[in-house]
Protein chains: 2
Amino acid sequence: MTTRWLTPEEQRAWRAYVAGYLLLEDAIDRQLQQEAGMPHLYYSILANLSDIPERRLRMTDLAERLKITRSRLTYAVSRLEKDGLVRREDCRWDKRGSVAVLTDEGMTVLENVAPGHVETVRAGLFDRLTPEQVGQLEEIFTQIARGFQEKDGGETAPEDLPWRRRSSPCSGTP
Amino acid sequence: MTTRWLTPEEQRAWRAYVAGYLLLEDAIDRQLQQEAGMPHLYYSILANLSDIPERRLRMTDLAERLKITRSRLTYAVSRLEKDGLVRREDCRWDKRGSVAVLTDEGMTVLENVAPGHVETVRAGLFDRLTPEQVGQLEEIFTQIARGFQEKDGGETAPEDLPWRRRSSPCSGTP
DNA sequence: AGGGCTTGGTTCAAGTTTGAAACAAACTTA
DNA sequence: TAAGTTTGTTTCAAACTTGAACCAAGCCCT
């Protein structure tokens, strides 16, 4: 089958996108590295945990939220644990499982660092977009993400149905 | 000064964007790694060189195009050189300079690999967007990129004016 | 010419990412 | 219930990235 090359418009979009996200990620990483001594992903781990009632999540669930491999998460959490920002606990109902818990110190660090991070995201991204563009951005990337979830995750994966949950926060009562 | 937090819309957009680009980059990297044994950046280096008449570019110019650090480029080019896809030459007019040249073998590899890569970009991105969205994507990321260039590169940096070019492809006549 | 600053590029150590392999607990099924 | 499979997580080596430090070579000024 002959290749469907990119149209000129698509090429321009692709180039702009690649350049843009490299610059943006770079700025974000640099800012966080300087003011918090951690890269973007590590911040996202803290932020993700803080979003959740119990501030705890099983490794696999966390990896899935973050769209990263379990292996990558293991390494990152180990580092954060060494810094005292996250703690690992065993899952009570599944002895294989382990749970990442945001410590109080982690929460404090997050609170201190968040404003600077938000400011960077604003300066690099949102301050340059109109409200319509913000909507377009969401729409576009939601579609992209959905595309991958469908394939990989299996459409409306059975385990996502409440009565078949394969995992739980591993806290409180079963 | 109190932090201007993200609005709910901005938060949704930001989350979608982060998830989307991680998934997309991942897919692209995986595809290229499998079929070409190289990550996305390395492919981009070859592609960039191939785009240029003489297929050669000074390291700094290449780094600037790719939006990466010189150090990162040095490492990448060394690897590609080891694989015989790129060759380094000395710049004739500036003895400090060195030039990356796409070899014939590199060109061949690129031609073999390009279709698969394009297919991945299509499947992951463009096949999911309407033509309008492609335009929006370009617009949005062009603005983002421009934002960074202005600051870092200095607005309409003097060296970008033709009569003050600080670098040339280092080929042909001065 | 001779300092002193800038630019182009590489090097080095420390940190991160990758993917495959290893393990162990849980589930399935004969 | 033992054997085989799947699932949750870690480990390991190889590759990649980062930023600071370094070395030349060009540039500027007197």
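Every chain is numbered from 1, with letters handed out A, B, ... down the list of sequences.
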Q: Taking the side chain of B:Arg30 as heavy atoms from C-beta outward, which of C:dG19, D:dA25, C:dA24 is closest to it?
A: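 For B:Arg30, the side-chain atoms sit closest to C:dG19.
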
Q: May I ask you to decide if A:Leu85's main-chain N or O and A:Thr103's side chain share a donor-acceptor pair within less than 3.5 Å?
A: yes

Q: Which of parallel (below 30°), tilted (30 to 60°) and perpendicular (above 60°) describes A:Phe141 and A:Tyr17?
A: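 Answer is tilted, since the angle falls between 30° and 60°.
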
Q: Given C:dT18, C:dT10, C:dG8, which nucleotide is nearest the side-chain atoms of B:Asp26?
A: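 Closest nucleotide among those given: C:dT18.
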
Q: Using whole Å, what does the distance between atom P of nucleotide C:dG15 and atom CG of A:Leu80 come to?
A: 14 Å

Q: Expressed in angstrom and rounded to an integer, what is the separation of B:Arg79 atom CZ from C:dT11 atom C1'?
A: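 It is 20 Å, rounded to the nearest whole Å.
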
Q: Within the 4.0 Å heavy-atom criterion, would you say B:Ser71 contacts the bases, only the backbone, or no part of the nucleic acid?
A: base

Q: Does any N or O in the side chain of B:Gln143 come within less than 3.5 Å of the main-chain N or O of A:Arg128, such that one atom is a donor and the other an acceptor?
A: yes

Q: Whole Å only: how far is the OH atom of B:Tyr43 from the C1' atom of D:dA15?
A: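 Roughly 21 Å, once rounded to whole Å.
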
Q: On the nucleotide C:dT10, are OP1 or OP2 found under 4.0 Å from the side-chain N or O atoms that B:Arg88 carries?
A: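 Result: yes.
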
Q: Over how many whole Å does the gap from B:Lys82 atom NZ to D:dA14 atom P extend?
A: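 Distance check: B:Lys82 NZ to D:dA14 P gives 14 Å.
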
Q: I need the CG-C1' distance between B:Asp29 and D:dT17, as an integer number of Å.
A: 13 Å

Q: Regarding B:Asp26 and A:Arg72, does a basic nitrogen lie under 4.0 Å from an acidic carboxylate oxygen?
A: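 Salt bridge flag = no for A:Arg72 with B:Asp26.
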
Q: C:dG9 C1' sits how many Å from B:Asp90 CG, rounded?
A: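 Value for this atom pair: 11 Å.
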
Q: Can you tell me the distance, in whole Å, between the NE2 atom of A:His40 and the P atom of D:dT18?
A: 14 Å

Q: Between D:dG8, C:dT17, D:dT10, which nucleotide gets closest to the side-chain atoms of A:Thr74?
A: D:dT10

Q: Check this for me, if you would: do A:Glu119 and B:Arg4 make a salt bridge, where the nitrogen-to-carboxylate-oxygen distance has to be below 4.0 angstrom?
A: yes

Q: Between A:Arg58 and D:dG8, does any side-chain N or O lie under 4.0 Å from OP1 or OP2?
A: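 Negative; the distance criterion is not met.
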
Q: Of B:Gly97 and A:Pro39, whose closest DNA chain C nucleotide lies nearer the 5' terminus?
A: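 The 5'-side residue here is B:Gly97.
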
Q: Of the candidate nucleotides D:dT9, D:dG26, C:dA26, which contains the atom at the shortest distance from the side chain of A:Asp94?
A: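 For the A:Asp94 side chain, the nearest candidate turns out to be C:dA26.
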
Q: Starting at atom CE of B:Met59, determine the distance to atom P of C:dT7, rounded to an integer number of angstrom.
A: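 So the two atoms are 18 Å apart, to the nearest Å.
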
Q: Determine: side-chain N/O of A:Arg96 to OP1/OP2 of C:dC27, distance under 4.0 Å, yes or no.
A: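 For C:dC27, neither OP1 nor OP2 has a side-chain N or O of A:Arg96 closer than 4.0 Å.
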
Q: Picking from D:dT17, D:dT9, C:dT18, which would you name as closest to the side chain of A:Arg72?
A: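 It is C:dT18.
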
Q: Name the closest nucleotide to the A:Ser98 side chain, picking from D:dT10, D:dG8, C:dG8.
A: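 Nearest nucleotide to the side chain: D:dT10.
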
Q: Under the side chain to side chain donor-acceptor pair (under 3.5 Å) test, which residues partner A:Glu132, sequence neighbours left out?
A: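 Residues passing side chain to side chain donor-acceptor pair (under 3.5 Å) with A:Glu132: A:Thr130.
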
Q: Take A:Gln33 and B:Met38, find for each the nucleotide of DNA chain D with the closest heavy atom, and name the residue whose nucleotide sits nearer the 5' end.
A: B:Met38

Q: Give a yes/no answer on whether the side chain of A:Tyr75 brings an N or O atom under 4.0 Å of OP1 or OP2 in C:dT16.
A: yes

